[in-house]
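To find a chain, count down the sequence lines: A is the first, B the second, and so on, and within it residues start at 1. Everything numeric in this text was worked out from a predicted model, so none of it was measured.
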Amino acid sequence: MPHRYDPRQAEERWTRWWEENRVFHARVDSDKPRFSMVIPPPNVTGVLHVGHALDQTLQDIFARWHRMQGKETLWLPGTDHAGIATQVRVEEELAKEGLSRHDLGREAFVERVWQWKHHYGGRILEQLKGLGASCDWERERFTMDEGCSRAVRHVFVHLYRKGLIYQGDYIVHWCPRCQTTLSDIEVEHEEEEGRLWTLRYPAAEGEGEIRVATTRPETMLGDTAVAVHPEDERYRAWIGRRVRLPLMDREIPVVADEAVDPAFGTGAVKVTPAHDPTDFEIGQRHNLPQIQVIGQDARMTAEAGRFQGLTREEARQAVLEALRAGGFLVGEEPLRHAPGRCYRCGTVVEPLVSRQWFVRMKPLAEPAIRAVEEGRVRFVPEHFTRMYLHWMRNVRDWCISRQLWWGHRIPVWTCQACGTQSASEEDLVRCPECGSERLEQDPDVLDTWFSSALWPFATLGWPDDTPDLRRFYPTDLLVTGYEIIFFWVARMIMMGIEFMGEPPFPTVLIHGIVRDSLGRKMSKSLGNGVDPMEVIAEYGADALRFSLVQGVGPGNDLRFRTDRVESARNFANKVWNASRFAILNLADADRAALEALAGSPDGLQAWKEREALTLADRWILSRYQWAASEVHRLLERFDPGEAAQVLYEFIWSDLCDAYIELVKPRLYQGGDDPESEAARQRRAAQATLFAVLDGSLRLLHPFMPYLTEEIWQRLPVHGPTLARAAWPRPQGLEDPEAEKQVGRVLEVIRAIRNLRAERGVEPSRRVTAVLRAEPALLEALQAMEREIRALARLERLELVAPGGAVPEREAAVTAVAGGVEIYLPLAGLVDLEKERARLEKELAAAREEAARARALLERPGFKEKAPAHVVQQQEARLAEAEAKEAKLLDQLAALERAGAGGNGAHGA
RNA sequence: GCGGGGUUAGCUCAGCUGGUCAGAGCGCCACCCUUACAAGGUGGAAGCCGCAGGUUCGAGUCCUGCACCCCGCACCA
């Protein structure tokens, strides 16, 4: 076994082996309890970023955990067709050939996108395999595959017939670059520096003028009114009058509307119903005409008169100039505002009036709200519930039509003969009303999220009643980031209830986003993204996974730091080397004996030489038991970050730093005679080491699958794959007495090491230690004498009962730890002054400790009201501190006598 | 404006149902290539747990107020 873990070759090998052996395949016909989960489908054009890596790692931990618990585990992978992103990608490719999609025509273009998808799409899933994701790759799905497409049509037609999908002329967000509509949540607002101009609109008749403020002067060309608040005294007289719109020479009315904020700007607002959502609504209320002055290409239309053809930006300048020239521009000031931008490309969206398809949300939202209120769907951490409910209670209708070619085409046909509009699951060739074959299908496609909303059941075969669907729906857990709670989670809940009669999952585990080391969001424009594949190449997939999980607090964002990955890599190497040590020392172990110990719930209980286990063995088994139950408990609470921390600390501190060192003397001792005491002790050590290592690898496997599988396969006894080995359950190994005693022994060892370090004793120099303690403790020290000598690097260890002789004060350095008085006779190294200083410092600490416990115990009401075990605990703490204080005082007194009688340091 | 989150060691963050909880990683100091591991070992320094009150026998841990930071939603003429 090499002395360093090499992730690369292990990862390649096991990725292949797991897949070839269908280790992650979920059988629909097994009678085991099931666990099912669907992947949040990544964008088919996408490449893995570190945010996916976190999301996938969390899911994989739960999938592997349940699989090891014997559940028939389905984790279903796939991608979504990402309408805008994919179409844009292929259009860019075409552009290099000097072509546009219109040159190809719709059919050929869509064909071309499919080709692209087959070639490049889904690379992200290959990357997921490299991360160790234990998906059932045989069940990979795509939102545009045949089954999902059928589901989409079925859903559309159902909602259409139910009156929950309607078509209407509304103002919607239009992205001039992507050339499509966007839903409300696809528009992002971020504050930036803008300007607020004040314009002067003169009265059409009579005297006066009204001043309006605007951030978009170019839209004034399409103004069809000025609005003021009905209660606003300043403008009361203006209501009903008309003003003359500059540049356009058009008379427009002044109307009163509640939507106007009298405190903002001048208190009067220009109304452009065709280019502003609020103005659109004002226009509806007052029957105002809509004049579209900006087109879908973000250039001025013919309605803009002499400004026709200019871009929005050019028009703004030109309009301002013209206004200024005409004396209509009366003010300009800076203003922070947040214009809407396309979440895909960042272009400022243009609100435009057009005919679009909408989903009526209220009827769908109500049961989805109830499901969460009644706890049938639960968010973890819980506070995301409020976010969900708040949004759902105020939800607005969802614009689902997109002016793209790549996507599910809206299954609605309009008869050119009789004008009937029909929705149909099958392609319509004949008008159901008049029988005409002159039918035209709606040109738009559906929002990608419309199909994603069906993901948990469409991927299991719905609308057919399939065995998969019956077996694996509803799923058991959804893991995703908070940024898509509205986009995806809420819509899945609505659709799941509407079409399956129950929510698609009982639990939604929400995590934060991964930021860069400075806490900034990762973005292409900043160039601060981290490529997980590069991280994997350098540190290994397990290290990346572990560093992400370790850094994750419930629902919180986390910063990606290379030093954490490095630390996780070091941990992997630590596990590797500890295992290497164990495996080397298990070479001659009795396989049959180990067999009984491997992963068996009562292996150690039933082990035939159980009585040979030492205090140290019982200690590590107890610690292991604690770690195992903690990890299990924390995973049940959906807190893998804390679980990872428990494992890290148990393996590194207890197993590696303490137990392996403690066990070395026994393992290194020879013994040709298998009946000898030495041989028995050695077998006990091997058994314990094996049982704990085997169990630890199982516990660690969901977090670091490759490393653990690679090691596990090298154990003298192992199964076909750790991925399906049994998850450790309680085995009754708790041993409080052993924990306490070994805890004290370790304290003593640390104190001796401390004394050596402070006195500058070379590590290679063997010294003698004299320990004085109560009989009960003495027994433990006696039992572990060899281990103490090894770890504290002692030549000799003398154990002395209370009152027994200890070295002369001037000839030894001393300490008190774990209830034991420690004397190190260090000829020539004793400095009485330093000794005094150190002992006094310790004494102060002990006194402080005692004082704290005493204060608590003496506090009025404490003994009466605090639970008994807490009182006992504090009493024990006080007794311990007082005992230590007494011992230190003894040592100090001895020091005084020595100091008075001698001249400090001299040989013993 | 409504809602949520955060403020704990130099840095990044854990601390669940209030009672050894003052922790980890990285960094820092000293010593050590001790036969699993220098991607390591041993020892060490370092924090009045944002501020002010309150509840309680007892509060980083619960409540109230305040300050600063972050994020949703709405508004953004």
Protein-nucleic acid N or O pairs under 3.5 Å, nucleotides 24-33 of chain B:
residue	atom	partner	partner atom	Å
B:rA24	O2'	A:Gln645	NE2	3.1
B:rC26	O2'	A:Asp563	OD2	3.2

Give me, pair by pair, the N or O atoms of the protein and of nucleotides 15-19 of chain B that are less than 3.5 Å apart, along with how far apart they are.
residue	atom	partner	partner atom	Å
B:rC16	O2'	A:Arg637	NH1	2.6
B:rC16	O2	A:Arg633	NH2	2.5
B:rC16	O2	A:Arg637	NH1	3.3

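With hydrogens and angles ignored, no donor-acceptor pair under 3.5 angstrom links the side chain of A:His189 to the base of B:rC75.
B:rA67 and B:rA9: their P atoms are spaced 23 Å apart (whole Å). Nucleotides B:rU12 and B:rU17 place their P atoms 25 Å apart, quoted to the nearest Å. Distance noted for atom C1' between B:rC70 and B:rU42: 42 Å (whole Å). Comparing the C1' positions of B:rC49 and B:rC13 gives a spacing of 13 Å, expressed to the nearest Å.
In this structure, A:Arg4 fails the cation-pi test against A:Trp576, since its NZ or CZ atom is not both closer than 6.0 Å to the six-membered ring centre and inside 45 degrees of the ring normal. The side-chain tip of A:Lys574 does not point at the ring of A:Tyr648 from less than 6.0 angstrom away and within 45° of straight on.
For the pair A:Lys863 and A:Phe384, nearest-nucleotide mapping onto RNA chain B gives the more 5' position to A:Phe384. In terms of position along RNA chain B, the nucleotide closest to A:Glu661 lies nearer the 5' end than the nucleotide closest to the other residue of the pair A:Glu661 and A:Lys841.
Although no hydrogens or angles enter the test, the distance criterion places a donor-acceptor pair under 3.5 Å between the side chain of A:Glu864 and the main chain of A:Gly861.
Between the CZ atom of A:Arg520 and the C1' atom of B:rC69 there is a distance of 17 Å, rounded to whole Å. In this structure, A:Phe486 atom CZ and B:rC71 atom P are separated by 15 Å, rounded to whole Å. Rounded to whole angstrom, the span from the CZ atom of A:Arg759 across to the P atom of B:rG44 amounts to 14 Å. The CZ-P distance, from A:Phe379 to B:rG72, rounds to 17 Å in whole Å. Taking atom CZ on A:Arg714 and atom C1' on B:rA36, their separation rounds to 14 Å, with Å as the unit. Summarising the geometry, the separation between CG on A:Leu667 and P on B:rA36 is reported as 10 Å, rounded to the nearest angstrom. Rounding to whole angstrom units, OH of residue A:Tyr668 and P of B:rU34 are separated by 13 Å. With rounding to whole Å, A:Glu795 atom CD is found 19 Å from B:rU34 atom P.
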Please, what dot-bracket string fits RNA chain B when only Watson-Crick and G-U pairs with both distances under 3.5 Å count, crossing ones use [ ] and pairs to another strand use |? (((((((..((((.....[...)))).(((((.......))))).....(((((..]....))))))))))))....
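The nucleotide whose nearest atom lies closest to any side-chain atom of A:Cys656 is, among B:rG72, B:rA39, B:rA36, B:rA36. When the nucleotides B:rG40, B:rA74, B:rC2 are ranked by their closest atom to the side chain of A:His390, B:rC2 comes out on top. Out of B:rU34, B:rA36, B:rG4, the shortest distance to the side chain of A:Arg793 is found at B:rU34. For A:Arg515, whose side chain is taken as the heavy atoms from C-beta onward, the closest listed nucleotide among B:rC71, B:rC37, B:rA14 is B:rC71.
Using modelled atom types, one finds a donor on one side chain and an acceptor on the other under 3.5 Å when comparing A:Asp257 with A:His286. Defined by atom type and a distance below 3.5 Å, a donor-acceptor pair is missing between the side-chain atoms of A:Asn577 and A:His3. No hydrogens or angles considered: a donor-acceptor pair under 3.5 Å links the side chains of A:Glu186 and A:Ser183. Residues A:Arg877 and A:Gln874 have side chains that bring a donor and an acceptor to within less than 3.5 angstrom of each other. Between the side chains of A:Trp712 and A:Asp694, at least one donor N or O sits under 3.5 Å from an acceptor N or O.
For B:rA39, the OP1/OP2 oxygens have no side-chain nitrogen or oxygen of A:Trp652 closer than 4.0 Å. Dashed line: the shortest gap from a side-chain N or O of A:Tyr482 to OP1 or OP2 of B:rC73 is not under 4.0 Å. The side chain of A:Asn556 contributes an N or O atom lying less than 4.0 Å from OP1 or OP2 of B:rA14. Contact annotation: A:Thr278 side-chain N/O to B:rC76 OP1/OP2 distance is under 4.0 Å. The side chain of A:Lys521 places no N or O atom within less than 4.0 Å of a non-bridging phosphate oxygen (OP1 or OP2) of B:rC70. For the OP1/OP2 pair of B:rG41 and a distance below 4.0 Å, the side-chain nitrogens and oxygens of A:Lys574 include at least one atom meeting the criterion.
One finds no salt bridge joining A:Glu880 and A:Lys884 here, because no Lys/Arg side-chain nitrogen approaches an Asp/Glu carboxylate oxygen to under 4.0 Å. The existence of a salt bridge linking A:Glu747 and A:Arg744 is excluded, since no basic side-chain nitrogen approaches an acidic carboxylate oxygen closer than 4.0 Å. Looking at A:Arg312 and A:Glu218, no side-chain N of the basic residue comes within less than 4.0 Å of a carboxylate O on the acidic one, giving no salt bridge.
Counting heavy-atom neighbours within 6.0 Å of A:Arg714 CZ, excluding the residue itself, gives a total above 12. By the neighbour-count criterion of 12 heavy atoms within 6.0 Å, atom CD of A:Glu762 is densely surrounded, having more than that number from other residues, nucleotides or ligands.
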Check: residues 548-569 of chain A side-chain donor-acceptor pairs under 3.5 Å, at least two apart:
residue	atom	partner	partner atom	Å
A:Gln550	NE2	A:Gln645	OE1	3.1
A:Asp557	OD1	A:Tyr482	OH	2.8
A:Asp557	OD1	A:Ile513	N	2.9
A:Asp557	OD2	A:Tyr482	OH	3.1
A:Asp557	OD2	A:Arg515	NE	2.8
A:Asp557	OD2	A:Arg515	NH2	3.1
A:Arg561	NE	A:Asp563	OD1	3.2
A:Arg561	NH2	A:Asp563	OD2	2.9

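The residue A:Ile583 sits apart from the nucleic acid: no heavy atom pair falls under 4.0 Å. No engagement by A:Glu190 is indicated, since no non-hydrogen atom pair under 4.0 Å with the nucleic acid exists. Counting non-hydrogen atoms under 4.0 angstrom, A:Val271 reaches nothing in the nucleic acid.
The shortest heavy-atom contact between A:Leu878 and A:Leu857 is CD2-CD1, 3.8 Å.
Listed by residue number, the members of residues 745-757 of chain A with any heavy atom below 4.0 angstrom from RNA chain B are A:Arg750, A:Arg753, A:Asn754, A:Ala757.
Partners of A:Glu193 under the side-chain hydrogen bond (donor to acceptor under 3.5 Å, both in side chains) rule, at least two apart in sequence or in another chain, are A:Arg336.
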